[in-house]
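Report on the following structure.
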Amino acid sequence: MINDFAFKTTFHNKAALTGLLSALLDIDPADIRELEIRDSFLPGEYAEDKEGILDVKLLLNRDRKINIEIQVLPFANWEERSLFYLSKYFVEGLEKGTPYKMLDATIHISILAFPLFEDGTWYSVIEFRDRKTHRLYSDKMSLRVLQLSQLSKATPEERKSEIYAWAQMISADDWEVLKKMAERNEYMKAAVDELEKINAEKEKRYHYLMREKREHDEATIRDYERGRGLAQGKAESVLELLEEFGEVPEQLRASVLGQHDMNTLKAWLKYAAKAQSLEDFINCIQHR
C-alpha cells in the first residue's frame with residue numbers, strides 16, 4: 001500500500017478513508033459524517049506527473065481540510081515542503097474581503113517510509129503552541145507525521161492503538177497479513193478489497209507497476225548523483241593539493257575531474273598529499 005498509486009486508489013474508498021482518518025485524528029468513525037474528496041483522480045496523470053505530487057485532498061464534515069501525502073523515498077527539506085502545502089491549502093478558497101474566521105482548520109498528514117525524526121517517535125502531532133506555557137495558539141493549522149520505518153519503536157501500549165494497526169497495514173507486503181487485518185473491522189476490509197481490485201484489474205495493475213518502476217528509477221538516479229557528487233568533491237581536493245605546486249596543466253586538470261572511480265581518486269589524493277611536485281604526482285599515477 002505504500003505504492004502511491006495503490007495508496008491513492010485505496011483511500012478514494014470512503015469507508016477505508018473513514019477508518020484511516022479516525023485513527024490518525026483520534027476521533028470516532030461515527031463522528032465522520034461527511035467526506036468530500038477534493039482533487040481529481042485520473043490514472044493518466046501519473047505518466048505526465050513531473051513534480052511527484054500525489055496526495056489526497058479532502059474536506060471533513062465541511063469544516064476541516066485535510067491533505068494526506070505518502071512518500072517512500074527520502075525527500076530533502078520535507079519539513080519545509082509540508083509547511084508549504086499546509087499553508088497553501090489553508091488559504092485556498094478564501095475569497096477577497098472574507099473574514100479570517102472563515103478559514104477552515106487545515107491538517108497536513110505525512111505518511112513516510114523513510115525516517116524523518118530519529119528521536120524514537122513513530123507518530124507525531126505537531127501544533128502551534130507557546131514555548132513556555134504550551135498554550136495552543138490556534139487549532140486551525142497542524143501536522144501529523146507517521147513514520148512507517150520507526151514502528152519498531154512503538155511501546156507495548158502504543159501497539160494496541162488503531163493508528164498503529166493502520167500503520168502496520170499500510171506497510172504490510174504480504175497478502176496473508178493484509179487479509180488477516182481485514183478481519184479487524186469494516187474499514188480495513190474496505191481497504192483490502194480495494195487493493196484486491198488493483199491486483200485484479202489489468203489497467204490498475206499496470207499503473208501500480210509503473211509507479212514501482214518510477215520509484216526504483218528515482219532511487220537509482222539519486223544514488224548515481226550522490227556518487228558523482230562525492231567523486232567531484234574528492235577530485236577537487238586532489239586539485240587543491242596540486243595547486244600548491246603552481247598552475248595545474250589543463251590536461252591533468254581534465255584527467256582528475258574526469259575520474260569518477262572513488263578508489264582511484266582516494267589513491268590520487270594520497271599521492272597528491274605525498275608528492276614533492278606536479279611531475280612527482282604525474283609519475284605516481286602513471287606507474288602505480
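Quick caveat, the model's predicted, so the values are computed rather than measured.
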[Y] backbone acceptor or donor facing [X] side chain under 3.5 Å:
X	Y	result
Lys8	Asn3	no
Ser161	Glu158	yes
Lys65	Ala105	no
Glu240	Ser237	no
Gln259	Asp261	yes
Arg159	Ser152	yes
Asp280	Gln276	yes
Asn77	Glu80	no
Thr10	Ala6	yes
Gln71	Ser110	no

Basic-acidic side-chain contact under 4.0 Å: Arg253, Glu243:
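Salt bridge: yes.
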
Ionic contact status for Lys189 with Glu186, cut-off 4.0 Å:
no

Apply side chain to side chain contact (heavy atoms under 4.5 Å, CB included) to the pair Ile66 and Thr106, showing each step before the final yes or no.
CA-CA 6 Å; Ile66 300 172; Thr106 306; over 6 Å; no

Between [X] and [Y], what is the shortest heavy-atom contact and its length?
X	Y	result
Ala15	Asn13	N-OD1, 2.9 Å
Ser22	Gly19	OG-O, 2.8 Å
Ala190	Ala16	CB-N, 3.9 Å

Can you confirm whether or not the ring centre of Trp122 sits under 6.0 Å from the ring centre of Tyr164?
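Close enough - the centres of the two rings lie under 6.0 Å apart.
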
For the aromatic rings, using the six-membered ring if either is Trp, is the centroid distance between Phe75 and Trp78 under 6.0 Å?
yes

Between Phe281 and Leu242, does the side chain to side chain contact (heavy atoms under 4.5 Å, CB included) criterion hold? Intermediate values first, please.
CA-CA 8 Å; Phe281 174 80; Leu242 295 179; 3.6 Å; yes

Taking the side chain as everything from C-beta on, heavy atoms only, tell me whether [X] gets closer than 4.5 Å to [Y].
X	Y	result
Gln150	Thr121	no
Met169	Val192	yes
Asp139	Phe128	no
Leu269	Leu241	yes
Lys234	Trp268	no
Val145	Leu112	yes
Met188	Trp166	yes
Asn67	Val56	no

Can you confirm whether the side chains of [X] and [Y] place a donor and an acceptor under 3.5 Å from each other?
X	Y	result
Glu69	His108	yes
Arg144	Ser142	yes
Glu34	Asn61	no

Look up atom [atom1] in [X] and atom [atom2] in [Y], then write down how far apart they are to the nearest 0.5 Å.
X	Y	atom1	atom2	answer
Asp130	Lys132	CG	NZ	8.5 Å
Leu103	Lys140	CG	NZ	6.0 Å
Ser255	Ile282	OG	CD1	9.0 Å
Tyr187	Leu17	OH	CG	12.0 Å
Phe117	Lys153	CZ	NZ	12.0 Å
Ile198	Asp193	CD1	CG	11.5 Å

Starting from the C-alpha separation in whole Å, work towards a yes-or-no answer on side chain to side chain contact (heavy atoms under 4.5 Å, CB included) for Phe7 and Ile170.
CA-CA 8 Å; Phe7 182 87; Ile170 292 170; 4.3 Å; yes

Out of Thr9, Ile70, Ile111, which residue meets the side-chain contact (heavy atoms from CB on, under 4.5 Å) rule with Asp4?
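Going through Thr9, Ile70, Ile111 one by one, the side-chain contact (heavy atoms from CB on, under 4.5 Å) with Asp4 is satisfied by Ile70 alone.
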
Taking Ile109 as the fixed residue, which of Leu24, Leu20, Leu143 is the one that meets the side-chain contact (heavy atoms from CB on, under 4.5 Å) rule?
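Of the listed residues Leu24, Leu20, Leu143, the side-chain contact (heavy atoms from CB on, under 4.5 Å) partner of Ile109 is Leu24.
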
Leu136 reachable from Ile126 in the ILVMFWY side-chain graph, under 4.5 Å edges:
no

Does one hydrophobic cluster hold both Leu59 and Val91, with members joined at side-chain heavy-atom distances below 4.5 Å?
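In one cluster with Leu59: Val91, no.
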
Looking at Lys270, I'd like to know if its NZ atom is crowded, meaning that more than 12 non-hydrogen atoms belonging to other residues, nucleotides or ligands lie closer than 6.0 Å.
no

Under the side chain to side chain contact (heavy atoms under 4.5 Å, CB included) criterion, do Leu151 and Ser171 qualify, and how do the steps go?
CA-CA 10 Å; Leu151 293 183; Ser171 56; 3.9 Å; yes

Tyr89 six-ring centre to Lys57 NZ/CZ under 6.0 Å and within 45° of normal:
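Yes - Lys57 lies over the ring of Tyr89, closer than 6.0 Å to its centre and within 45° of its axis.
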
